[in-house]
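One-based numbering along the sequence shown. Bear in mind the structure is a predicted one, so any value in this text is a computation, not a measurement.
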Amino acid sequence: MSEKTPSTIVYTASVTSSGGRKAGRAVSSDGVLDVSMTAPKETGGPGTGTNPEQLFAAGYATCFTGALGLAGKEQDVDTSAAEVRADIGFGPEGESYAITAELTVRIPGVDQATTQRLVERTHELCPYSKAIRGNVPVTLVAVAG
């Protein structure tokens with residue numbers, strides 16, 4: 001498997017985390033992101049803050065939506081009103097934990113078969129998909145709009 005390294009870095013996000021997933025805090029270098037981190041109730045935490053899986057789901061869904069626009073342009077389909085839901089699963093794997101991802105995509109006015117083609121192409125283009133390919137099981141679900 002080859003690494004997908006950008007030819008030029010145009011932006012670097014920098015976030016510092018302290019306290020871990022049970023009672024932590026994550027703050028971006030520009031201060032725009034500043035969130036309390038707590039484990040969800042399902043894993044024994046209070047569920048009063050966000051958690052890494054929610055942050056990953058938000059980033060993946062947003063990135064996939066952007067890449068969907070590229071795939072839509074290639075296939076002459078307007079994806080500007082598309083909705084992408086990312087469900088990130090978390091559970092035990094070996095000595096630690098692992099995640100799964102399911103992306104559900106709906107493009108208003110677009111049939112399921114066309115949406116499926118776009119979703120599959122988007123999965124090839126999306127930087128998050130590239131980053132986790134071969135390491136995280138990803139399920140793609142296309143829904144008729």
Side-chain angles (χ1 to χ4, degrees), residues 1 3-6 9-75 77-110 112-145:
M1 180 165 55
E3 291 184 17
K4 306 291 185 202
T5 303
I9 301 297
V10 296
Y11 171 72
T12 299
S14 181
V15 175
T16 301
S17 175
S18 59
R21 66 183 298 119
K22 292 193 182 220
R25 182 173 174 213
V27 181
S28 61
S29 59
D30 61 6
V32 173
L33 178 75
D34 188 343
V35 293
S36 295
M37 306 294 286
T38 63
K41 289 181 181 180
E42 295 84 353
T43 63
T48 55
T50 192
N51 59 66
E53 293 72 39
Q54 289 175 332
L55 294 173
F56 190 85
Y60 198 177
T62 301
C63 189
F64 203 86
T65 303
L68 185 62
L70 294 175
K73 285 181 185 176
E74 286 180 359
Q75 298 183 32
V77 176
D78 180 8
T79 62
S80 61
E83 295 177 348
V84 176
R85 186 183 76 225
D87 295 308
I88 303 300
F90 174 82
E93 187 276 325
E95 296 178 13
S96 63
Y97 293 86
I99 62 172
T100 62
E102 180 173 294
L103 301 173
T104 302
V105 180
R106 184 180 74 81
I107 307 169
V110 178
Q112 193 272 336
T114 301
T115 300
Q116 185 68 42
R117 280 195 311 278
L118 285 168
V119 166
E120 289 172 10
R121 176 62 177 140
T122 301
H123 192 49
E124 295 171 1
L125 297 170
C126 175
Y128 272 63
S129 291
K130 290 178 185 181
I132 65 173
R133 186 167 289 122
N135 296 307
V136 174
V138 178
T139 303
L140 303 172
V141 179
V143 178

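- Between Leu118 and Leu68 the shortest side-chain heavy-atom distance falls below 4.5 Å.
- Of all the heavy atoms in Val119 and Ala142, the pair that sits closest is CG2-CB, 4.4 Å.
- The aromatic rings of His123 and Phe64 lie tilted to each other, with the angle between the two planes from 30° to 60°.
- The number of heavy atoms from other shown groups lying within 6.0 Å of CZ (Arg25) does not exceed 12.
- Residue Arg106 is tested with Arg85, Glu83, Gln112 for a side chain to side chain contact (heavy atoms under 4.5 Å, CB included); the sole match is Glu83.
- At a threshold of 4.5 Å between non-hydrogen side-chain atoms, the residues Phe56 and Ile132 count as touching.
- When every heavy atom of Ala71 is checked against every heavy atom of Thr122, the shortest pair comes out as CB-OG1, 3.4 Å.
- Leu103 has its side chain within reach of Leu140: a pair of non-hydrogen atoms, C-beta onward, lies under 4.5 Å apart.
- Here the straight-line distance linking atom CD of Glu53 with atom CG of Asp87 works out to 12.5 Å at 0.5 Å rounding.
- Pairing each heavy atom of Glu124 with each of Lys130, the nearest pair is O-CE, 3.4 Å.
- Remark: Thr139 engages Glu102, Val141 in a side chain to side chain contact (heavy atoms under 4.5 Å, CB included) (not counting sequence neighbours).
- Note that CD1 of Ile88 and CD1 of Ile99 are 5.5 Å apart. Values are rounded to the nearest 0.5 Å.
- Across all non-hydrogen atoms, the minimal contact from Ala58 to Thr62 is O-OG1, 2.8 Å.
- In terms of heavy-atom proximity, Pro127 sits nearest to Cys63 at CD-SG, 3.4 Å.
- Heavy-atom minimum distance, Thr38 versus Asn51: O-CB, 3.6 Å.
- The side-chain heavy atoms of Tyr97 and Thr43, taken from C-beta on, include no pair separated by under 4.5 Å.
- Distance check, rounded to the nearest 0.5 Å: OG1 of Thr79 to NZ of Lys73 gives 8.5 Å.
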Quiz item: Where do Arg117 and Glu74 land on the salt bridge (charged side-chain N to carboxylate O under 4.0 Å, His left out) test, with the steps shown first?
Solution: CA-CA 11 Å; Arg117 280 195 311 278; Glu74 286 180 359; over 6 Å; no
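- Met37 places a side-chain heavy atom less than 4.5 Å from the side chain of Thr50.
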